[in-house]
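Worksheet: the structure to be examined is printed underneath.
Lettering follows sequence order; numbering is per chain, from 1.
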6 protein chains.
Amino acid sequence: MGKKAEKPSTNKPVSRATVPVSKGWTHVDSKGQARMVNIGTKKITRRKAIASGTVRVKAETLRRIKDNSLKKGDVLSVAKVSGILAAKRTYDLIPMCHPIRITGVELSFSLGQAPPRVDIVAQVEATDRTGVEMEALMAVAAAALTVYDMCKAVDRGIQITDLGLIKKSGGKSGIYLRKRLSQVTMK
Amino acid sequence: MGKKAEKPSTNKPVSRATVPVSKGWTHVDSKGQARMVNIGTKKITRRKAIASGTVRVKAETLRRIKDNSLKKGDVLSVAKVSGILAAKRTYDLIPMCHPIRITGVELSFSLGQAPPRVDIVAQVEATDRTGVEMEALMAVAAAALTVYDMCKAVDRGIQITDLGLIKKSGGKSGIYLRKRLSQVTMK
Amino acid sequence: MGKKAEKPSTNKPVSRATVPVSKGWTHVDSKGQARMVNIGTKKITRRKAIASGTVRVKAETLRRIKDNSLKKGDVLSVAKVSGILAAKRTYDLIPMCHPIRITGVELSFSLGQAPPRVDIVAQVEATDRTGVEMEALMAVAAAALTVYDMCKAVDRGIQITDLGLIKKSGGKSGIYLRKRLSQVTMK
Amino acid sequence: MGKKAEKPSTNKPVSRATVPVSKGWTHVDSKGQARMVNIGTKKITRRKAIASGTVRVKAETLRRIKDNSLKKGDVLSVAKVSGILAAKRTYDLIPMCHPIRITGVELSFSLGQAPPRVDIVAQVEATDRTGVEMEALMAVAAAALTVYDMCKAVDRGIQITDLGLIKKSGGKSGIYLRKRLSQVTMK
Amino acid sequence: MGKKAEKPSTNKPVSRATVPVSKGWTHVDSKGQARMVNIGTKKITRRKAIASGTVRVKAETLRRIKDNSLKKGDVLSVAKVSGILAAKRTYDLIPMCHPIRITGVELSFSLGQAPPRVDIVAQVEATDRTGVEMEALMAVAAAALTVYDMCKAVDRGIQITDLGLIKKSGGKSGIYLRKRLSQVTMK
Amino acid sequence: MGKKAEKPSTNKPVSRATVPVSKGWTHVDSKGQARMVNIGTKKITRRKAIASGTVRVKAETLRRIKDNSLKKGDVLSVAKVSGILAAKRTYDLIPMCHPIRITGVELSFSLGQAPPRVDIVAQVEATDRTGVEMEALMAVAAAALTVYDMCKAVDRGIQITDLGLIKKSGGKSGIYLRKRLSQVTMK
């Protein structure tokens with residue numbers, strides 16, 4: 001029985017490595033089990049991803065951020081640093097993400113009026129076997145949560161919305177480009 | 001001159017510690033400089049926070065998540081684990097957050113139809129000097145990004161929305177309760 | 001319908017928090033869902049746990065470790081440092097573990113002859129609401145893997161065995177004490 | 001004298017870099033000092049490692065894991081996620097390990113009856129200058145400790161055994177293959 | 001013999017816990033072995049530590065930092081964020097440090113002229129069983145290295161000097177206060 | 001206006017990526033905003049950096065370190081391990097640093113008499129698109145702080161000085177070599 005019990009466990013992963021994954025569902029193998037998809041055979045190419053998100057605040061909070069940012073820019077620059085650091089730690093937070101040697105990260109913030117909000121855009125680049133969408137999304141999420149954290153004492157109703165991918169290039173799937181949901185819903 | 005140069009730098013933090021922070025703006029001192037607010041004098045009380053967020057997916061993606069979750073529940077249980085781990089690492093990602101000894105974390109997921117989406121709710125508890133809103137928000141954000149990551153190969157247009165605080169109790173500011181923006185906007 | 005979809009997700013965690021967990025199965029709630037059990041109501045007491053494990057090596061490898069340790073003790077002192085650091089990071093590696101303020105960690109190593117091996121014992125202490133068994137086990141595991149790593153170039157057949165809890169005190173469940181499996185199987 | 005004191009410290013590492021390490025003892029230099037061996041001149045090749053380990057539990061615990069896994073599979077899927085995350089963090093836990101861009105991780109679990117146990121197998125792949133044995137071993141260790149953590153409330157006597165390397169390919173040393181100690185000892 | 005080999009390893013830590021450490025040498029036990037000293041019996045008191053350090057730069061670099069800081073203050077505010085985050089991670093970087101629940105961190109920077117330099121002062125507070133000197137020193141070190149990193153492209157000769165403790169209060173050893181070495185050497 | 005608000009935020013990073021950075025100030029873009037400079041177009045070459053620093057201690061402390069190091073070498077070997085681990089985590093501590101696949105790290109320590117001190121030298125190597133100065137400096141800083149931590153109970157006046165770059169090779173800027181400030185100031 002020992003044999004009977006050992007065999008499957010020792011052989012499964014080996015055989016499994018060659019099992020085709022269910023259609024387009026790269027993070028779930030043919031048995032519906034989560035796994036970190038093998039990218040060993042993918043080509044190393046230049047990858048770029050741009051993600052964005054919106055932090056909806058009260059007009060009063062927006063004014064405070066603006067005054068502060070004109071003086072010292074601290075809220076937004078703390079948010080920027082947290083976004084850059086979080087991008088580098090994506091593989092450590094999102095279980096199925098691969099460690100990637102990021103070659104560049106940029107975050108920019110713009111303050112909007114109707115509704116009052118901080119729009120955050122992150123661009124991440126890498127030269128690797130897989131894309132950097134998650135790194136860009138993580139950068140925006142961490143920066144947005146940092147804005148939330150630094151304003152929450154004066155604004156409990158802050159909402160983070162429209163966090164999604166804007167653009168992606170590099171890799172087999174080629175270029176992906178979209179309009180922001182916010183533009184659609186805001187019309 | 002050495003003296004002149006030394007004095008301010010050595011004395012500033014000492015004096016600064018007693019400087020009242022600008023009204024309700026706890027993360028920014030009177031000079032508009034970011035800092036980690038001192039909670040040493042706050043009372044240790046039982047704290048609870050509930051945050052929620054929504055991952056908007058295609059109907060087809062929702063169906064796949066549901067089928068998969070009925071079989072193995074892997075997408076949602078991977079997301080749950082990432083949310084629990086992220087909650088514990090909040091202080092390490094959000095610069096001005098304090099390390100907190102979390103005493104409990106729970107995440108729950110519900111699949112909604114119109115629009116097709118995964119609603120995520122996280123509840124975090126601690127007995128400490130400061131609240132756990134950021135921990136609850138971070139748990140939802142990481143879980144949502146994990147759902148995104150595991151579905152992105154089949155659905156590039158995923159959006160994370162309505163990430164915000166639902167309920168908060170414990171501490172000087174007492175109980176906070178609100179309706180979800182999604183309920184409002186979905187009417 | 002929005003209401004219908006919202007309610008469960010928003011209410012579940014609240015109700016769930018009061019749901020009795022399945023008998024003695026503290027990490028799985030009544031629905032069989034994994035969660036980080038809530039220890040908020042547990043008493044803060046002095047906790048101690050001792051774990052041990054064995055690294056089985058070739059006689060030649062044991063001799064090298066011994067010679068090296070008589071000279072500089074480097075293999076074992078690197079292993080010790082990795083064990084102490086890993087104990088502090090247990091909550092970050094084991095999903096359902098709580099962050100604990102460890103108050104002390106000690107590791108000791110002894111070289112055994114029949115079979116040739118390194119026995120590792122870790123003792124961890126904390127004053128907290130939950131025990132430190134996992135911290136002690138993690139310390140032994142990391143130290144054992146470090147010994148493995150530093151010897152693997154000369155010994156590919158190393159095995160880590162008998163990793164388990166030796167003693168535990170503090171908390172509601174009181175003192176736990178056991179003989180090591182190795183003592184049994186080695187008779 | 002400053003000169004006398006400076007010279008050795010400034011020159012040593014430079015000269016040392018070219019010092020041949022003691023026979024096959026790659027983590028210890030000619031002076032018996034631990035160091036992170038320089039792999040800069042090694043060839044980048046496809047690396048694969050398979051490690052396994054066993055978690056010995058009570059029959060009753062095995063039954064609970066099985067029932068739970070048939071329902072939700074949560075214990076094992078939480079363990080799987082912790083194993084995948086730990087594999088990516090190996091270089092951060094084992095002092096002399098190099099950071100590696102892992103390209104894939106898979107864990108599989110099988111439940112055995114005599115003795116009652118959970119057998120864990122991890123396969124890790126990378127395309128790099130050094131192997132991934134430690135990453136595979138770390139994945140199994142973290143997954144095993146997670147199973148331990150989630151079952152310990154009902155089973156204090158759990159033991160993790162037979163943690164070792166099963167197979168290794170890629171790199172100068174070529175393929176390595178072995179039988180599991182458990183198969184031997186279980187006869 | 002198994003007995004002979006087991007006994008010391010299993011008993012040592014237990015006995016050792018009660019062994020008096022060598023005079024004032026708290027991180028090294030009576031056998032000269034490194035260990036994480038047990039603070040379980042120490043009183044929980046309010047702790048404060050102030051550390052400082054100096055980054056010596058070229059006059060030209062100082063001018064650039066100043067101009068930049070008058071405009072956006074980015075170099076210094078990035079350094080500040082890195083210092084705050086590093087303070088929280090001290091226990092994870094310095095092997096024998098205990099995890100501490102920091103209650104506040106502040107960093108301040110002052111630009112000095114003769115010699116051209118950035119003086120950094122960090123104040124850390126906690127209510128715990130051990131002091132926060134290392135946290136304050138780590139905050140200054142990380143902030144100084146961040147200044148270095150952001151200026152190194154234009155100034156390769158940057159030196160970090162005079163990193164030490166300025167003031168310490170709380171705990172058995174009471175208040176400690178000193179002059180900065182730089183004040184002495186600069187006379 | 002939504003359009004007006006959206007455009008800049010979505011386009012800025014794209015355009016910005018092509019904006020020339022201000023002369024030699026690679027971490028600050030043309031608007032004085034901090035960013036993680038894009039190294040995607042840099043050549044992959046063999047990089048090496050050597051950094052050093054000095055821990056000034058009391059003669060009595062030096063004697064204790066020496067005695068201990070002759071017996072077990074524990075203080076210095078704990079410091080060495082912390083330096084190696086910190087080097088690998090540089091990108092996670094210094095916000096604008098890139099993740100780098102380090103191929104080797106070596107630390108060496110020498111004890112000096114006038115003044116009593118521990119000189120630390122770290123050499124880091126990598127084959128990557130950017131240099132490893134920060135990794136070498138971080139290794140020295142962490143090792144120095146660990147020496148501080150392990151001696152502070154008997155020596156509160158410890159100072160870390162002269163932390164800087166000694167040598168650098170690889171990359172466009174070629175070789176950099178300098179004398180240590182300590183040699184200058186000690187004459």
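For A:Leu85, no part lies near chain B; criterion is any non-hydrogen pair under 4.5 Å.
A distance of 8.0 Å separates CZ in A:Arg56 from CG in B:Asp162, rounded to the nearest 0.5 Å. Atom CG of A:Leu137 and atom CD1 of B:Ile160 lie 6.5 Å apart (nearest 0.5 Å).
For the options A:Asp92, A:Thr90, A:Val55, heavy-atom pairs under 4.5 Å to chain B are most numerous at A:Asp92. Counting heavy-atom pairs closer than 4.5 Å to chain B, the top residue among A:Met138, A:Met134, A:Lys152, A:Glu133 is A:Met134.
A:Tyr148 has its side chain out of reach of B:Ile94: every pair of non-hydrogen atoms, C-beta onward, lies at least 4.5 Å apart. Looking only at side-chain heavy atoms (C-beta outward), A:Leu163 and B:Leu163 stay at 4.5 Å or farther from each other. At least one side-chain heavy atom of A:Val78 sits less than 4.5 Å from a side-chain heavy atom of B:Met96. When side chains are defined from C-beta on, A:Val81 does not count as touching B:Pro95, because their heavy atoms never get closer than 4.5 Å.
The nearest pair of heavy atoms linking A:Gly164 to B:Gln159 is CA-NE2, 3.9 Å. Considering all non-hydrogen atoms of both residues, B:Ala34 and A:Asp74 come closest at N-OD2, 3.0 Å. A:Leu93 and B:Arg89 get closest at one heavy-atom pair: CD2-NH1, 3.7 Å.
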